[in-house]
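First the proteins, then the strands, lettered A, B, ... as listed; each starts at 1. Owing to the predicted nature of the structure, the values given are computational and were not obtained by experimental measurement.
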There are 2 protein chains.
Amino acid sequence: MKKITIKDIAAKFDVSISTVSKALNDSYEISDKTKAKIQKYAKKKKYKPNFNALSLKNRRTKTIGVVIPDMLNFFFAQVFQGVEKKANENGYKIITCISNESYAKEMETMEMLSNGSIDGFIVSMSKETGMNNSVEHFKDMIQEGTPIVMFDRVAKDIDCDKVVADDFEAAIKTVKHLKNTGCKNIAFISTISDLIVGKERYKGYLKGMQDENLVVNENLVLNIQENDYKKYEEIIEPLFDNNDIDSVIASSEQSAIAAMKIAQGKGYKIPENFSVIGFANGLLSRHSSPKLTTVSQHGEIMGETAAQMLIDRLEKKDEVLPMVTKVIQTDLVERNSTKRYLELNK
Amino acid sequence: MKKITIKDIAAKFDVSISTVSKALNDSYEISDKTKAKIQKYAKKKKYKPNFNALSLKNRRTKTIGVVIPDMLNFFFAQVFQGVEKKANENGYKIITCISNESYAKEMETMEMLSNGSIDGFIVSMSKETGMNNSVEHFKDMIQEGTPIVMFDRVAKDIDCDKVVADDFEAAIKTVKHLKNTGCKNIAFISTISDLIVGKERYKGYLKGMQDENLVVNENLVLNIQENDYKKYEEIIEPLFDNNDIDSVIASSEQSAIAAMKIAQGKGYKIPENFSVIGFANGLLSRHSSPKLTTVSQHGEIMGETAAQMLIDRLEKKDEVLPMVTKVIQTDLVERNSTKRYLELNK
DNA sequence: TTGAAAGCGGTACCAG
DNA sequence: CTGGTACCGCTTTCAA
């Protein structure tokens, strides 16, 4: 029951391997009779051309390397599903590396995979990579002719295709929404201030405040470095004690939830006299009480987009296409941690 | 800057390719001088032996195929991380297929990957596969000599290595815990009654009730077929209206949370006069109010175990080892949806 | 209509 | 110590 090869089939019918190869590929060179019997036999024996032989010959593997920091992060899992779906539709396989936010693992795995295991990469940088801007390995890959598509946590200095969310615009919108629903003292809590994504959101916050003629009080900006979400509450609490705030924009689901809890602990009623908006994709937002209003990124679409961009580039290896950055819109999902705003004069 | 091959190196130094190959593999046959210059050059040029050429020659890819139903499911993501970690430690890559609970996709992808892309599979069956017991494709793979390790959603009829949680025992323990903390009318809610895992939990519930001398009231057993968790609450509500219950064991996180909400809506105080235990791994349990007491499976350990079992088998291809099933213990994580029980007479 | 042979990038045996 | 060659499984060109 071992796997059957072209050679086995050739022996069986006492023809050459080239005849078999052509017959299986339905070549016009082979008589219908021969084709028929060979194809029938191949099917019966479940013949499948050997992947490595094909890849060696064609110099392409139809395999994509996906490098993500953390699969337990709902957003990344969503993107991953999107990539897998689109890849599958196009007959591509995916090899995955979870970097665990480690530069070394990200770099080493990519180097190892660039030995002909994959045709291209889809990457979101590890925190370490992004913070130190250690992007040489990306440059190397691209130099070698291995295309990369980056998403979400992209590197400014790398010239490649990119897929990002409109974090800057989204943050502006959150401020606007809060202002429109009566908030003034808007705090900004970030757990990802080191990431470009986090910086964009912060910039959007500042711009939004300016647009709405609100004064930015630096004491209302809190950057959390701690990774353990269990400690978020104690870190956030002083913000409430030392300042007069009526709303929070948080850069992550967990910190948004933590802020809500503290506000409630301090006796605020959400959303009556306190509002919270979180950048979040996960399940917590839909199950918290009250349910959290969020800026939702379309992770799956980002994944599909990234995959499509990579595949397009792979299938047109000869043409030199300019690198593009696609911005995927986010949605402000109004749940119950903010008041409703009926924009009458639209 | 294109990738360099052995042939290129041979040309560069005007030696044969076999000399280069041996030099790179540090063979005793080659003079230190030659080795040194070749190795140095190879390093400088970042030479890496071509993966497909090696796989073709060695008839092994050091690649594992991972087939899971859903990456957005926290448990599967945990297992996946465990597999990736262990695989990586052992120099294995992983190719992933997300079946989306579809038999067709699971089967087709596995067939496609069994063309020499992977050395073995780690699989958790899709619902469809499990419900119809459509396991021919697994048999085929094994017949062909491709080993499989199944985890969690395993197939009874397939003789292969398996990793499962002690669902039966765990369910017994939940009943015991509830009884010990004063509950009597224990309802059982399942969203996965079609899966073997779900059946094991149900059996454990029955056994536990019996062990504790509690009568099983069939009206207290609710099997939810609906997939949309948003509808859980309306489906569960009648259970509370039509029966006198003081606690719930739920087979999933979402259904446990839904049950808690309804209980609270009906005026119960959790855990004072109502208790809930859920089979759950996710984040919701730690963020719900009150925090949910759970039976926690060690997903990551299950993944690592499965990967180790597969790798062991792959590295000992010649030996015929008996198939084993490993049972990974679960933990009852006591949070605040159940009362404390101080087991004094232990 | 069929077959021989080169080549994809390596490894390893055997000869010199 | 170095080189020639067969082979892994398949495609493709060229010759018959």
Side-chain angles (χ1 to χ4, degrees), chain A residues 2-39 41-42 45-63 112-119 144-145 317, chain B residues 2-39 41-42 45-63 112-119 144-145 317:
Chain A
K2 288 268 50 169
K3 270 163 210 156
I4 191 176
T5 71
I6 255 187
K7 200 187 272 184
D8 300 325
I9 303 182
K12 159 85 183 176
F13 294 107
D14 200 27
V15 295
S16 73
I17 57 166
S18 38
T19 301
V20 176
S21 174
K22 287 171 190 165
L24 292 173
N25 290 307
D26 225 5
S27 162
Y28 65 93
E29 295 181 81
I30 305 297
S31 73
D32 289 345
K33 208 175 117 207
T34 311
K35 277 201 275 199
K37 72 178 178 190
I38 289 181
Q39 288 174 1
Y41 183 72
K45 291 291 186 179
K46 301 203 182 180
Y47 167 79
K48 287 175 222 100
N50 181 282
F51 165 76
N52 294 296
L54 277 184
S55 300
L56 190 57
K57 186 88 183 119
N58 301 333
R59 288 123 160 287
R60 63 200 301 258
T61 60
K62 293 211 95 180
T63 306
M112 139 162 153
L113 291 179
S114 77
N115 64 352
S117 295
I118 50 87
D119 296 338
E144 281 178 10
K317 263 281 190 186
Chain B
K2 288 266 50 165
K3 269 164 211 157
I4 191 174
T5 72
I6 255 187
K7 201 187 269 182
D8 300 326
I9 303 182
K12 160 84 184 177
F13 294 106
D14 201 28
V15 294
S16 73
I17 58 165
S18 37
T19 301
V20 176
S21 175
K22 285 172 192 165
L24 292 174
N25 289 306
D26 224 7
S27 163
Y28 66 92
E29 293 180 86
I30 306 296
S31 73
D32 289 344
K33 207 175 118 209
T34 312
K35 277 201 278 200
K37 72 179 180 191
I38 288 181
Q39 287 175 1
Y41 183 74
K45 290 291 187 180
K46 301 203 181 180
Y47 166 80
K48 286 175 222 101
N50 181 283
F51 166 76
N52 293 296
L54 279 184
S55 299
L56 190 56
K57 186 89 181 110
N58 301 333
R59 287 120 162 290
R60 63 201 303 257
T61 60
K62 295 210 94 179
T63 305
M112 140 161 151
L113 291 179
S114 77
N115 64 351
S117 295
I118 50 88
D119 296 338
E144 281 179 10
K317 263 281 190 186

Think B/Ser16 has a side-chain N or O under 4.0 angstrom from the OP1 or OP2 of D/dG3?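 Affirmative; the distance criterion is met.
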
Ignoring backbone atoms, establish whether B/Thr19 has a side-chain N or O less than 4.0 Å from OP1 or OP2 of D/dC1.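 The answer is no; no side-chain N or O of B/Thr19 sits under 4.0 Å from OP1 or OP2.
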
The test is side-chain contact (heavy atoms from CB on, under 4.5 Å); show your working for A/Leu54 and A/Lys57 and say whether it passes. CA-CA 5 Å; A/Leu54 277 184; A/Lys57 186 88 183 119; 5.5 Å; no

query: Considering residues at least two apart in sequence or located in another chain, which fulfil the side-chain contact (heavy atoms from CB on, under 4.5 Å) criterion with B/Lys317?
result: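 Per chain and number, B/Lys317 pairs via side-chain contact (heavy atoms from CB on, under 4.5 Å) with B/Pro147, B/Leu314.
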
Between [N] atom [atom2] and [X] atom [atom1], what is the distance in whole Å?
X	N	atom1	atom2	answer
A/Lys33	C/dT2	NZ	C1'	13 Å
A/Asp14	C/dT2	CG	P	13 Å
B/Tyr28	C/dC13	OH	C1'	11 Å
B/Phe51	C/dG10	CZ	P	13 Å

What are the two closest heavy atoms between B/Ala23 and B/Ile30, and how far apart are they?
->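 What the structure gives for the nearest pair is N-CG1, 3.9 Å.
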
Could you report the tightest heavy-atom contact between A/Asp8 and A/Lys3, atom names first, then the distance?
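Distance-wise, the nearest heavy atoms are OD2-O, 4.1 Å.
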
request  = Would you classify A/Thr34 as touching base, sugar-phosphate or nothing, given that sugar-phosphate means primed atoms plus P, OP1 and OP2, and contacts are heavy atoms under 4.0 Å?
outcome  =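 A/Thr34: backbone/sugar contact only, no base atoms under 4.0 Å.
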
Practice problem: Given side-chain contact (heavy atoms from CB on, under 4.5 Å), test B/Phe51 with B/Thr63 step by step and report yes or no. | Solution: CA-CA 11 Å; B/Phe51 166 76; B/Thr63 305; 4.0 Å; yes

Contact string for nucleotides 7-14 of chain D, one letter per nucleotide 5' to 3', B = base within protein heavy-atom range under 4.0 Å, S = sugar-phosphate only, - = neither, reads BBBBBBBB

task = Could you tell me whether a side-chain N or O of A/Asn52 sits under 3.5 Å from a main-chain N or O of B/Gly116, the two making a donor and an acceptor?
result =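 Between the backbone of B/Gly116 and the side chain of A/Asn52 there is a qualifying donor-acceptor contact (under 3.5 Å).
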
